[in-house]
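All values below come from the heavy atoms of this structure, side chains included, with hydrogens, waters and symmetry mates left out.
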Amino acid sequence: MDATAAPVTELSDDESWQLLSAVTLGRLVTTVDGWTEIFPVNFVVQNKTLLFRTAEGTKLLTSVLNEHVLFEADDHNVVEGWSVVVRGSAHLLTTSDEITHAEHAGLYPWVATQKLRFVRITPESLSGRRFVFGPEPDSGTVAG
């Protein structure tokens, strides 16, 4: 990593999708009764959408009842990290064509429970950031 690299840079959409495709765990953010809920989910990227499986319950209900959801995934190593946030809508897959297409994505539950419902998040916006780790600058050298 170049020592002169900016500590925070914006990622292009292509870079963001590439990074999302390389990880399998993210966080779904919804609201219910005025409360924000966050759920860890394993997921896959399929045709620039996010796909996850779930059982009946709060996660399924709040994701499809809300007009908008957020999804965040990130990763890091000792040198740098990244975070991608997807703002969009969640759709419960119900038709046989939708479900067949989703089944080909290679998405399997991590926990030994039945997760019979597929939910697809279709992005309305995507934003990503890369972070270069390092020491905090001296207070005298910060512009501002």
Student: How many angstroms lie between atom OG of Ser89 and atom CG of Asn66, to the nearest 0.5 angstrom?
Tutor: 11.0 Å
Student: In Å, rounded to the nearest 0.5 Å, how long is the span from OG1 of Thr30 to CG of Leu65?
Tutor: 9.5 Å
Student: Does this structure show an ion pair linking Arg27 with Asp74, if we count only N-O contacts that are shorter than 4.0 Å?
Tutor: yes
Student: Around Gln18, counting heavy atoms of other residues, nucleotides and ligands shown, do more than 12 lie under 6.0 Å from its CD?
Tutor: no
Student: What closest approach, in Å, do Glu72 and Val85 show between heavy atoms, and which atom pair accounts for it?
Tutor: CG-CG2, 3.8 Å
Student: What are the two closest heavy atoms between Ala102 and Phe118, and how far apart are they?
Tutor: CB-CD2, 3.6 Å
Student: How close do Phe133 and Asn77 get, counting heavy atoms only, and between which atoms?
Tutor: CE1-O, 3.2 Å
Student: Stepwise, does the side chain to side chain contact (heavy atoms under 4.5 Å, CB included) test hold for Leu107 with Asn42?
Tutor: CA-CA 8 Å; Leu107 177 63; Asn42 66 304; 3.7 Å; yes
Student: One pair to check against side chain to side chain contact (heavy atoms under 4.5 Å, CB included): Arg117 and Glu56. What are the steps and the verdict?
Tutor: CA-CA 8 Å; Arg117 305 292 187 192; Glu56 302 291 333; 2.7 Å; yes
Student: As a quick check of understanding, evaluate side chain to side chain contact (heavy atoms under 4.5 Å, CB included) for Arg120 and His101, giving each step before the final call.
Tutor: CA-CA 11 Å; Arg120 184 176 307 281; His101 184 62; 3.7 Å; yes
Student: Under 3.5 Å, is there a donor-acceptor pair linking the side chains of Gln46 and Thr49?
Tutor: no
Student: Between CZ of Arg129 and OG of Ser127, what distance do you get to the nearest 0.5 Å?
Tutor: 5.5 Å
Student: Could you tell me the separation between the OG1 atom of Thr54 and the CD atom of Gln114, rounded to the nearest 0.5 Å?
Tutor: 12.5 Å
Student: Would you sort out whether Glu10 and Arg130 count as a side chain to side chain contact (heavy atoms under 4.5 Å, CB included), showing the intermediate values?
Tutor: CA-CA 6 Å; Glu10 289 189 33; Arg130 183 177 309 278; over 6 Å; no
Student: With rounding to the nearest 0.5 Å, note down the distance linking CG in Asp75 to CD in Glu80.
Tutor: 10.0 Å
Student: Could you identify which residues cluster with Phe71, counting Ile, Leu, Val, Met, Phe, Trp and Tyr as linked when any side-chain heavy atoms lie under 4.5 Å apart, either directly or through a chain of such contacts?
Tutor: Leu11, Trp17, Leu19, Leu20, Val23, Leu28, Phe39, Val41, Phe43, Val45, Leu50, Phe52, Leu60, Val64, Val69, Trp82, Val84, Val86, Leu92, Val119, Ile121, Leu126
Student: Quick one: salt bridge (charged side-chain N to carboxylate O under 4.0 Å, His left out) partners of Glu103, sequence neighbours excluded?
Tutor: none
Student: Partners of Lys115 by side-chain hydrogen bond (donor to acceptor under 3.5 Å, both in side chains), sequence neighbours excluded?
Tutor: Thr113
Student: Please check if the side chain of Thr31 supplies one atom and the backbone of Gly34 the other of a donor-acceptor pair under 3.5 Å.
Tutor: no
Student: As an exercise, state the distance from CD1 of Ile38 to NZ of Lys59, rounded to the nearest 0.5 Å.
Tutor: 12.0 Å
